[in-house]
Amino acid sequence: NMDFLDGHWPPIYTSCMVILSQTWAGRQKESYKRETWQLISNLKAQEVELQRRQHTAMTMLSTFCDCVCPLGPDFCLLEPSPRLASFLLYDSGSAPAGRCFLDFMMSADDQQHLTKFLGSSSCLDDQHVAGSLTVDLRDGRGGCVRAHLYAASVRTGDRTQYMLGIVEFSEQE
């Protein structure tokens, strides 16, 4: 609003001031648009880099583990896991996304140990990036598979997810 200029300046100056202020506001708007697009572009690039790093980490973990399972905060599989199904001799070809990992445990004690372990500071805090636990898993034929579970947590805001690496227990260890 340029009402304060009325009566103090000749009309031509008032018109020039209005045009200049509108031009300046337009340039500010364009500047904000450029900055916003730059921020969005940077965020997208960071997301792509994060996905690349996650893929690299999963590839590396898969090299050392018999299978790797990302779990949600409720300990359910976040994606289908053909390697888990194969490891546990399931005929279906893939452990379905959404299935609770605790359902694969042989005993309620192992379920409690895993729940306590995943919720403990040994798995969650920054000084203990990953930890391990030995449990008995139920295979597709009802038999027992002893395994080491290696877990690390990933926090996104107030949501926690877990990365679970599974290695078959060997008597030679």
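Since the model is a prediction, treat every value here as computed from it, not as a measurement.
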### Pairwise salt bridge (Lys or Arg N to Asp or Glu O under 4.0 Å) hits with a residue in residues 36-51, at least two apart
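Every salt bridge (Lys or Arg N to Asp or Glu O under 4.0 Å) pair that includes a residue of residues 36-51, provided the two are not neighbours, is Glu49-Arg52, Glu49-Arg53.
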### Query
How close do Gly143 and Met106 get, heavy atom to heavy atom, and via which atoms?
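Smallest interatomic distance, heavy atoms only, reads O-SD, 3.8 Å.
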Item to check | Chi angles and distances behind the side chain to side chain contact (heavy atoms under 4.5 Å, CB included) call for Arg138, Phe104 | outcome: CA-CA 5 Å; Arg138 180 178 298 111; Phe104 295 108; 5.8 Å; no
Begin from the C-alpha positions of Phe117 and Tyr162 and carry the test ring pair (Phe, Tyr, Trp, His ring centres under 6.0 Å) through to its verdict. CA-CA 11 Å; Phe117 172 70; Tyr162 305 97; 9.2 Å; no
Are Val145 and Leu89 packed together at the side-chain level, in the sense that at least one heavy-atom pair is separated by less than 4.5 angstrom?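 Sidechains of Leu89 and Val145: no contact.
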Check for a donor-acceptor pair, side chain of [X] on one end and backbone N or O of [Y] on the other, with a separation under 3.5 Å.
| X | Y | value |
| --- | --- | --- |
| Asp110 | Asp136 | yes |
| Gln111 | Leu102 | yes |
| Thr63 | Thr59 | yes |

- Message: Apply side chain to side chain contact (heavy atoms under 4.5 Å, CB included) to residues Leu164 and Phe101 and explain how you reach the verdict.
- Response: CA-CA 10 Å; Leu164 202 61; Phe101 186 81; 3.6 Å; yes
- Message: Is the terminal nitrogen or CZ of Arg99 (NZ for Lys, CZ for Arg) located under 6.0 angstrom from the six-membered ring centre of Phe75 and within 45° of that ring's axis?
- Response: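 That pair does not qualify as a cation-pi contact.
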Residues Cys69, Ile166; criterion side chain to side chain contact (heavy atoms under 4.5 Å, CB included); working and verdict: CA-CA 8 Å; Cys69 303; Ile166 304 170; 4.2 Å; yes
Got a sec, which residues hit side chain to side chain contact (heavy atoms under 4.5 Å, CB included) with Gln46, two or more places apart in sequence or on another chain?
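Gln46: side chain to side chain contact (heavy atoms under 4.5 Å, CB included) contacts with Leu43.
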- Query: Under 3.5 Å, is there a donor-acceptor pair between the Thr134 and His148 side chains?
  - Reply: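 Note: Thr134 and His148 side chains meet the donor-acceptor criterion.
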If you group Ile, Leu, Val, Met, Phe, Trp and Tyr whenever their side-chain heavy atoms sit less than 4.5 Å apart, what else falls in with Trp37?
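Via sub-4.5 Å side-chain contacts, Trp37 links to Ile40.
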Pairwise distance CE(Met105) to SG(Cys100) - rounded to 0.5 angstrom: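 Atom-to-atom, Met105:CE and Cys100:SG are 10.0 Å apart.
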message = Evaluate Tyr90 against Asp139 for side chain to side chain contact (heavy atoms under 4.5 Å, CB included), listing each step before the verdict.
response = CA-CA 7 Å; Tyr90 278 82; Asp139 70 19; 5.5 Å; no
